[in-house]
Each structure stands twice: as C-alpha cells, then as structure tokens.
Amino acid sequence: MMDDCLFCKIAAGEIPANKLYEDDDLLAFRDIAPQAPVHFLIIPKKHIKDPAHVTEADEALIGKMMRVGAQVAKENGVTDFRLVYNNGAEAGQTVFHIHMHVLGGRSLSWPPG
Ligand code: AMP
C-alpha cells in the first residue's frame, strides 16, 4: 500500500468503486469516466507504478490480469474488446498504479488518438 495512491486506496476499500470482480490479487471496477458502454479497469492490489516497472516476479500476476479481464468482459456481455495499458504521461497515464483498461460495447477505431 502506497500513501497518496488512488488505486491503492480503492484496492484497500478506503475509497469506493463500482466493483465487478475481486480476489486476493486483483480488483476490477468500472471506470469513473467511461469511454465505451463497457469500460472497466483491472488493477493488481500490489502497487506497481506502470508496465515499465513490472518485474519477473510479477509475470503471473500480469498474465492473470488478462485472463480475468477477458472473463469479466464476457460476464458483461462483450466478446470483442480492447485492452489498454498507458505507460507514462505522454501516453495518457494519469494514475500511477498499473491498470489495464477493458473497453467494449461499441465499434472502436484504430489507430488510437
Ligand atoms: P490512465 O489515464 O490510463 O492513467 O487511466 C486512469 C483511469 O482511471 C481514467 O480512465 C479515469 O477515468 C479513471 N479513474 C480515475 N479516478 C477514478 C476513480 N475514483 N474510480 C474509477 N476510475 C477512476
């Protein structure tokens, strides 16, 4: 748990979130500013700053984020979805606790903005 980390506080239950999935390792919750009909975030409860700070010891945890993200997408009625990690402010990262966006429920364009 990192002080002054919004997503650590959500993981600890100190700040409310609209939770879709939770276990000892991960939490999924709806994005507060959804960019698609289905838009939720998967976070590890462990504080990792961003993808650039993932270590070998985190590999199973990061793989689990993908598996659970796909499972929760299916539970929310989407079979086609996009997974996004922003790394660094220039790439659009605003919360510096690693999170995987899961976006679906509408047609998504490529390339992204
Ligand atoms: P990023 O820009 O990749 O760092 O993504 C951060 C995401 O967190 C944004 O899509 C925000 O809308 C979302 N967000 C920020 N605060 C909250 C919150 N309290 N609950 C849920 N989502 C949040």
Side-chain angles (χ1 to χ4, degrees):
M1 168 99 189
M2 277 260 297
D3 291 343
D4 297 326
C5 171
L6 174 63
F7 286 177
C8 280
K9 287 180 179 161
I10 287 177
E14 291 174 13
I15 290 177
N18 191 335
K19 295 179 187 178
L20 297 174
Y21 174 92
E22 182 166 18
D23 65 24
D24 288 347
D25 303 316
L26 303 179
L27 179 65
F29 54 98
R30 290 193 194 280
D31 197 291
I32 205 167
Q35 301 302 309
V38 174
H39 183 186
F40 61 89
L41 305 174
I42 306 260
I43 64 168
K45 292 189 171 177
K46 173 188 175 182
H47 184 86
I48 301 170
K49 184 182 176 196
D50 58 28
H53 288 79
V54 170
T55 68
E56 256 185 85
D58 300 320
E59 285 176 359
L61 180 64
I62 299 299
K64 187 175 178 182
M65 289 171 73
M66 180 175 284
R67 179 177 64 76
V68 169
Q71 175 191 308
V72 175
K74 187 177 177 189
E75 288 166 3
N76 281 269
V78 295
T79 55
D80 295 18
F81 51 85
R82 183 170 295 170
L83 306 178
V84 175
Y85 287 88
N86 294 322
N87 189 96
E90 182 77 4
Q93 189 177 7
T94 58
V95 178
F96 292 87
H97 178 127
I98 195 169
H99 50 278
M100 187 178 75
H101 294 260
V102 183
L103 298 137
R106 68 169 170 85
S107 183
L108 298 166
S109 60
W110 192 264

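Read the numbers this way: they start at 1 and go in the same order the structure lists the ligands and their atoms.
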Closest to atom 4 (O) of ligand 1 among D50, T94, I98, N87 (heavy-atom distance):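 The residue whose heavy atom sits nearest atom 4 (O) of ligand 1 is T94.
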Candidate with minimal heavy-atom separation from atom 10 (O) of ligand 1, of D31, I15, N86, N18: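 Among D31, I15, N86, N18, the closest heavy atom to atom 10 (O) of ligand 1 comes from D31.
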Within-cut-off N or O pair, [X] and ligand 1, under 3.5 Å:
X: G92; result: yes
X: I10; result: no
X: Q93; result: no
X: H101; result: yes

Nearest-neighbour protein heavy atom for atom 20 (N) of ligand 1, which is reported as residue plus atom name and distance: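 In this structure, atom 20 (N) of ligand 1 has I32 CB, 3.7 Å as its nearest protein heavy atom.
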Numbering as shown, the atoms of ligand 1 that approach [X] to under 4.0 Å (heavy-atom distance):
X: F29; result: 21 (C), 22 (N)
X: A33; result: 12 (O)
X: L6; result: 16 (N)
X: R30; result: 21 (C)
X: H99; result: 1 (P), 3 (O), 4 (O), 5 (O), 6 (C)
X: F7; result: 8 (O)

Side-chain donor/acceptor of K45 to backbone N/O of E22, under 3.5 Å: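 Absent.
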Could you tell me whether ligand 1 has any atom less than 4.0 Å away from a heavy atom of [X]?
X: A17; result: no
X: Q35; result: no
X: L41; result: yes

Closest non-hydrogen atom pair between D25 and K64, with its separation: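 Taking every non-hydrogen atom into account, OD2-NZ, 2.7 Å.
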Any heavy-atom pair between the side chains of [Y] and [X] that's under 4.5 Å?
X: M2; Y: D4; value: no
X: L83; Y: M65; value: no
X: I48; Y: D58; value: yes

Ring center gap for F81 and F40 short of 6.0 angstrom: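 They do not qualify: ring centres at least 6.0 Å apart.
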Surrounding [atom1] of [X] (heavy atoms of other residues, nucleotides or ligands, distance under 6.0 Å), is the total greater than 12?
X: K19; atom1: NZ; result: yes
X: M1; atom1: CE; result: yes
X: D80; atom1: CG; result: no
X: E14; atom1: CD; result: yes

